[in-house]
Every structure is written in C-alpha cells, then in structure tokens.
Visitor: 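Pasting in a structure now, in structure tokens, and then I'll have a few things to ask.
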2 protein chains.
Amino acid sequence: MNRKDIPRIIISRLPVYLRTLQRLQQEGRQTISSQTLGEILGTTAAQIRKDISQFGEFGKQGTGYNIPYLVEQLQHILHLDDIWDVAVVGIGDLGHALARYQGFVDRGFRITALFDNDPEKIGRQIQGLTIEDASLIPSRIPELGIKIAMLTVPVSVAQQTADVLVRAGVRGILNYAPIHLNLPEGVCIEHIDPAIGLQRMTYYIGQRKG
Amino acid sequence: MNRKDIPRIIISRLPVYLRTLQRLQQEGRQTISSQTLGEILGTTAAQIRKDISQFGEFGKQGTGYNIPYLVEQLQHILHLDDIWDVAVVGIGDLGHALARYQGFVDRGFRITALFDNDPEKIGRQIQGLTIEDASLIPSRIPELGIKIAMLTVPVSVAQQTADVLVRAGVRGILNYAPIHLNLPEGVCIEHIDPAIGLQRMTYYIGQRKG
DNA sequence: CTTGATTTGTGATAAAGTTAACAGAAACAC
DNA sequence: GTGTTTCTGTTAACTTTATCACAAATCAAG
Ligand SMILES: NC(=O)c1ccc[n+]([C@@H]2O[C@H](COP(=O)([O-])OP(=O)(O)OC[C@H]3O[C@@H](n4cnc5c(N)ncnc54)[C@H](O)[C@@H]3O)[C@@H](O)[C@H]2O)c1
Ligand SMILES: NC(=O)c1ccc[n+]([C@@H]2O[C@H](COP(=O)([O-])OP(=O)(O)OC[C@H]3O[C@@H](n4cnc5c(N)ncnc54)[C@H](O)[C@@H]3O)[C@@H](O)[C@H]2O)c1
C-alpha cells in the first residue's frame with residue numbers, strides 16, 4: 001500500500017463513500033453490501049469493492065462491510081482521525097455562510113480563523129470567532145498551526161492571496177474564486193465554482209428555447 | 001458530431017476553458033495557442049486541442065485560436081446563447097449568498113425565483129426578488145419556464161424537494177446538500193460539497209500531527 | 001452437517017482517456 | 001520568394017480506469 005501509487009480518481013471517491021456511510025451509521029445501520037451501497041450512490045458494486053480493496057480487506061464475504069468499522073478505516077485513510085483547523089479568507093456573503101455553517105465538524109474540520117481586509121469587517125464576530133486583519137495571515141496562520149484555507153475573496157486578488165497563504169504554511173486551499181490558481185508542487189488545490197456545474201448541465205439539457 | 005457520443009469528461013472541461021477565455025477576452029487579448037492556454041490552466045496543449053476539435057476546427061495553424069470566436073463557439077456548444085433562468089430553493093445562509101451573487105449573468109445564468117418554506121422569510125426581498133412560498137413551486141416553476149434550480153435546503157428535505165422540482169419541470173439541479181440525490185433519467189444533477197474537496201486534500205497533506 | 005444464497009477480493013478483459021508525434025497550414029523574417 | 005518558426009487537427013501508441021466473472025469465505029436454514 002504505497003499512498004502515492006493509488007490513483008487520484010479512487011481517492012476522489014472515498015469521501016463520497018464516507019459521507020454516505022456516516023449517514024447510514026447515524027441512522028443505526030450496522031452493515032452494508034457493495035451492491036446496496038452502489039444503489040444508494042448510483043454507482044456499481046464492483047467499483048466500490050475495487051476502490052476499498054486498495055487499502056486492505058475491510059469486508060466480509062456473505063455479510064458485506066461493517067459500517068462503523070469501515071467509517072473508521074476511511075477516516076484513517078483520509079487522515080481524518082483528528083479534526084483539522086481551517087481558515088476562511090474573505091468574509092463576504094460566501095465566507096460568512098461558510099463561517100456560520102455547522103456541518104464541517106462531523107466531517108473532520110473546524111473553522112478557527114477568519115480574515116478580511118475591509119476595516120468595516122475586521123473585529124466583528126461570527127459564531128464566537130473574530131474577523132482578523134488579512135495582513136496578519138503571515139503570523140497568525142503558523143501560530144495557529146493552520147494547514148488548510150477556504151478562499152472566498154474576489155477573483156482580482158485570489159492568486160496573490162493564495163500565494164500569501166502558501167508562504168504562511170498552508171498546504172491545501174479550497175478555492176471559491178472562479179479562476180484557476182497556480183500553486184507550487186505539494187500544495188493541494190480544489191476548485192468550487194457553481195457556474196461550471198451549471199454549464200455542464202446545460203450541454204445536456206439543450207437549448208433554452210426549442 | 002453526435003452530442004451524446006462525446007465523452008462526458010470532455011464536456012466537463014469545456015466550462016473551464018470558457019471561463020478562462022472569457023477572462024482573457026475581457027483583458028483584451030485576441031488570440032491564444034493551446035500551449036499557452038494549457039500553461040494557464042495547468043493542463044496540456046494536446047488535451048485542449050483534442051477536446052476542442054471534437055466540435056469542429058476552430059483554430060488556425062501558426063496563430064492559435066481567436067478568443068472571441070472560440071468563446072462564442074463554446075457558448076453555443078454549451079447552450080449558453082441565451083441566458084437561463086434559475087431558481088434558488090432554500091434561502092438560508094448559502095441560498096442568500098447565491099441570490100446576492102452578481103457573477104452568474106456573465107456565465108449565462110440569471111436567478112429569477114427564490115423559494116423557502118419559513119414564514120419568517122417568505123415575502124422578504126433580496127436583490128429585488130421576493131422570496132416565495134416553497135409550496136408554490138409546482139405552479140411558479142412552469143409559469144416562469146424555469147429549467148434549472150440550485151438546491152440549498154437541509155439534507156433532511158433535499159431528496160423530497162428535488163422530487164418536487166423535477167415534477168414541476170426542472171431539468172437540472174445543482175445540489176448543495178451533502179447527500180447523493182437519486183433522480184430520474186434525463187434530469188441532470190451536479191453536487192457541490194466543500195467537505196468532499198477538503199477530504200480529498202487531507203489524504204495528500206498527511207497527518208495533522210507529525 | 002449439508003445445501004443454497006450471499007458477498008468479498010481479485011485476476012483477466014474491455015473500455016476509455018491521455019500523450020506523443022507529425023503532416024500540413026499559416027505567419028514571419030529578410 | 002524562400003526558409004524558418006509556429007501551431008492546429010489527427011492518427012496511433014500508450015496508459016489508465018472500469019467491468020466482468022469467479023474462487024473462496026460466510027451465513028442461514030433444515
Ligand atoms: N456569493 C456566491 O454565492 C458566490 C458564488 C460563486 C462564486 N463566488 C466567488 O466567491 C468569492 C467571494 O464571493 P462573495 O459573494 O462572498 O463576495 P464578496 O464581495 O461578498 O466578499 C468578498 C470579501 O473578500 C474581502 N476581501 C477583498 N480583498 C481581500 C483581501 N485582499 N484579503 C482578504 N479579504 C479580502 C472583501 O472585503 C469581502 O468581504 C468571489 O471570488 C466570488 O466570485 C461567490
Ligand atoms: N452554509 C454553508 O456554507 C454550507 C456549506 C456546505 C453545505 N451546505 C449545505 O447547504 C444547505 C443549506 O445550508 P445553509 O447553511 O444555507 O442552511 P440554512 O439552515 O441556513 O438554510 C436552509 C434554508 O432552507 C429552508 N428550508 C427548509 N426546508 C425547506 C423546504 N422543505 N422547502 C424550502 N425551503 C426549506 C430553511 O427555511 C432555510 O432558510 C444544507 O444542506 C447544508 O448542509 C451549506
């Protein structure tokens with residue numbers, strides 16, 4: 001099991017499996033077969049088995065997978081044994097929504113710092129956290145041991161803000177600005193852009209009129 | 001050029017190309033080579049050429065692609081010639097941020113209806129739009145000719161709300177609730193879940209401590 | 001204990017996607 | 001005008017990913 005040899009596309013699917021398994025666990029379910037999980041997720045049993053088997057033998061013939069055990073294993077594989085501290089940079093409408101969102105903790109993340117450069121916003125509180133001056137990023141990020149940031153600033157400053165974060169020690173950025181960020185090797189980047197999702201759909205939906 | 005025969009993964013990349021080309025166009029740039037575009041996007045020239053060539057010959061040897069022309073062609077391919085009306089369902093923190101966001105129009109979408117089931121929220125205005133009662137979805141969606149919705153309701157009601165939308169004539173749903181939605185054939189679905197992006201990163205970033 | 005029904009993990013096979021390489025068109029330099 | 005450079009579209013080779021199919025393990029019922 002050499003971590004880097006496992007295809008990226010398999011890693012991409014593990015969080016999706018985990019999310020569903022955690023929900024099933026909360027509903028009190030004990031075991032599940034790859035077949036049933038595939039039906040819930042709209043994928044195939046073979047793919048789920050193959051993906052999971054990259055990391056060990058977590059299932060049992062005749063029974064399927066023990067849900068709490070598999071959840072634990074997936075969390076371990078994804079390095080979710082401990083909760084990660086996360087910063088949100090750019091506390092506008094979107095940053096505000098993220099800062100107030102209660103759903104991250106169960107998934108392994110806790111927002112522990114908020115940054116903005118608008119004097120009107122600096123000093124205000126959201127969910128008990130104070131918005132700090134973005135110029136403090138270089139000192140505060142290492143101080144708090146933060147390795148992950150969500151970037152919700154305007155496009156015009158997204159690249160430069162990302163560079164500042166990386167220099168401060170951030171290893172992963174979840175970017176909401178609709179622009180591709182170029183970052184050094186070793187820094188992880190994920191892009192979230194609703195318009196891209198919408199445009200993928202319109203290809204298939206067809207012409208607006210007609 | 002048979003639309004359905006073109007691999008989904010290629011379609012997925014077109015909006016990313018379009019987004020970048022539109023920005024370059026706004027900056028006044030006239031042409032670009034696949035090589036340069038690849039560098040901007042962190043991908044290869046060969047892939048860009050291959051993707052684009054699925055739909056016709058839009059480039060010119062020695063020069064590259066004419067940006068305004070390629071933007072137009074991509075918009076046409078993705079059915080973005082006219083602006084799509086979109087509904088937002090569930091006007092909490094996230095729905096509110098989406099409703100206020102000004103960035104959709106340039107990408108081909110206009111938010112024209114807001115729905116919620118909270119009496120406190122129904123009747124309020126955001127950006128000149130009134131939040132309507134979610135029970136009116138079955139009549140208002142067809143009335144307004146809306147084919148696309150963004151779903152920002154709690155997980156517990158996401159599937160049932162999606163079902164209502166589909167029955168009302170919606171053909172595509174951008175789902176923000178962290179749950180896989182099962183929808184009939186022919187309805188497009190895209191999922192946005194920041195926690196999944198974060199968990200993909202933590203696999204590579206490594207253990208929190210150590 | 002045996003039989004039949006499940007279900008995993010995996011090697012083999014098939015499908016899909018990416019990369020490489022190049023002919024030929026266009027532009028440019030002089 | 002000629003030679004050089006740039007750059008596309010496309011074919012073919014290669015790589016990656018998905019699917020299939022089955023032995024072996026487990027379980028439940030009688
Ligand atoms: N709101 C949405 O629903 C939505 C949807 C899609 C994409 N986005 C993208 O997300 C980003 C944020 O969107 P928004 O609607 O919250 O915008 P916004 O304008 O409301 O917020 C941006 C915030 O960033 C702050 N900021 C500006 N420069 C900064 C800097 N250098 N350092 C730190 N903070 C800085 C601003 O003060 C502001 O508070 C944008 O890139 C936008 O394109 C937003
Ligand atoms: N806020 C975030 O940053 C964030 C991040 C990731 C995921 N999400 C997900 O997005 C969704 C919305 O998040 P939020 O933070 O805005 O939550 P929220 O609780 O602030 O908003 C939900 C809204 O949906 C409305 N609603 C409830 N039931 C409804 C129904 N049947 N029909 C119509 N409206 C209904 C509520 O009245 C409320 O206004 C949730 O599924 C959440 O898990 C949010």
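The structure presented is a predicted model; accordingly, all values stated were derived computationally and were not measured. Quick note on labels: first sequence line is chain A, next is B, and so on, each numbered from 1.
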Visitor: Would you say C:dT7 has OP1 or OP2 under 4.0 Å from some side-chain N or O of A:Ser34?
Guide: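 No, no such contact exists.
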
Visitor: Rounding to a whole Å, what distance do you find between A:Gln54:CD and D:dT16:C1'?
Guide: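 The answer, rounded to whole Å, is 12 Å.
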
Visitor: State plainly whether the residues A:Asp193 and B:Arg107 are in salt-bridge range, i.e. N to O under 4.0 Å.
Guide: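 Looking at A:Asp193 and B:Arg107, the cut-off is met.
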
Visitor: Between A:Thr36 and B:Gln61, which has a closest nucleotide on DNA chain C that is more 5'?
Guide: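 Of the two residues, A:Thr36 wins.
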
Visitor: Pick the closest DNA chain D nucleotide for A:Gly62 and for A:Thr43 by heavy atoms, then say which residue is nearer the 5' end.
Guide: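 Its nucleotide being nearer the 5' end, the pick is A:Thr43.
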
Visitor: Using the ring of each side chain (for Trp, its six-membered ring), is B:His180 parallel, tilted or perpendicular to B:His191, with breaks at 30° and 60°?
Guide: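 Judged by the thresholds at 30° and 60°, the geometry between B:His180 and B:His191 is parallel.
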
Visitor: Between D:dT19, C:dA21, C:dT19, which one does the side chain of A:Lys50 approach most closely?
Guide: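 The answer is D:dT19, which lies nearest to the side chain.
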
Visitor: How close or far is atom C1' of D:dC22 from atom CZ of A:Arg49, stated in whole angstroms?
Guide: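 Interatomic distance, CZ of A:Arg49 to C1' of D:dC22: 11 Å.
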
Visitor: Nearest to the side chain of B:Arg13 - C:dT18, C:dT7, D:dT8?
Guide: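 Of the candidates, C:dT18 comes closest.
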
Visitor: Establish, with yes or no, whether the OP1 or OP2 oxygen of C:dT6 is under 4.0 angstrom from a side-chain nitrogen or oxygen of A:Tyr65.
Guide: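 So the side-chain polar atoms of A:Tyr65 never come under 4.0 Å of the phosphate oxygens OP1 or OP2 of C:dT6.
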
Visitor: Once you round it to whole Å, what is the distance between P of D:dC7 and CD of B:Glu39?
Guide: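 In whole Å, D:dC7 P lies 10 Å from B:Glu39 CD.
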
Visitor: Base, sugar-phosphate or nothing for B:Arg8? Non-hydrogen atoms, less than 4.0 Å.
Guide: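 If one applies the 4.0 Å heavy-atom cut-off, B:Arg8 turns out to touch nothing in the nucleic acid.
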
Visitor: For A:Pro7 and for B:Ser53, locate the closest nucleotide of DNA chain D by heavy-atom distance; then report the residue assigned to the nucleotide nearer the 5' terminus.
Guide: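 First, find each residue's nearest nucleotide; the 5'-ward one identifies B:Ser53.
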
Visitor: Let's see if you can work this out: which of C:dA12, D:dC20, D:dC27 has an atom nearest to the side-chain heavy atoms of A:Thr63?
Guide: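 For A:Thr63, the side-chain atoms sit closest to D:dC27.
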
Visitor: Tell me: CD1 of A:Ile48 to C1' of D:dT17, nearest whole Å?
Guide: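 A:Ile48 atom CD1 is separated from D:dT17 atom C1' by 16 Å.
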
Visitor: By nearest heavy atom, map B:Lys60 and A:Gly64 onto DNA chain C; which one lands nearer the 5' end?
Guide: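 Between the two, 5'-proximity favours A:Gly64.
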
Visitor: Within 45 degrees of the ring normal and closer than 6.0 Å to the centroid, is that where the cationic atom of A:Arg8 sits relative to B:Tyr204?
Guide: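 Pair A:Arg8/B:Tyr204 counts as cation-pi.
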
Visitor: What's the CD1-C1' distance between B:Ile9 and C:dA15, to the nearest Å?
Guide: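 Whole-Å distance recorded here is 13 Å.
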
Visitor: Mind checking whether B:Phe55 and A:Tyr203 have parallel, tilted or perpendicular rings, split at 30° and 60°?
Guide: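 It falls in the perpendicular class, over 60°.
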
Visitor: Under 6.0 Å between the ring centres of A:Phe104 and A:Tyr101?
Guide: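 Aromatic pair counts; centres sit under 6.0 Å.
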
Visitor: Which of the following nucleotides, D:dT19, D:dA21, D:dT8, is nearest to the side chain of B:Ser33?
Guide: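 For B:Ser33, the side-chain atoms sit closest to D:dT8.
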
Visitor: Atom CD1 of B:Ile52 and atom P of D:dG9: how far apart are they, to the nearest Å?
Guide: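 From B:Ile52 CD1 to D:dG9 P: 8 Å.
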
Visitor: B:Asp5 has an atom CG; how far is it from atom C1' of C:dA16, in whole Å?
Guide: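 After rounding, the gap between these two atoms is 14 Å.
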
Visitor: Can you tell me the distance, in whole Å, between the CD atom of A:Gln47 and the P atom of D:dT17?
Guide: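 These atoms are roughly 11 Å apart.
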
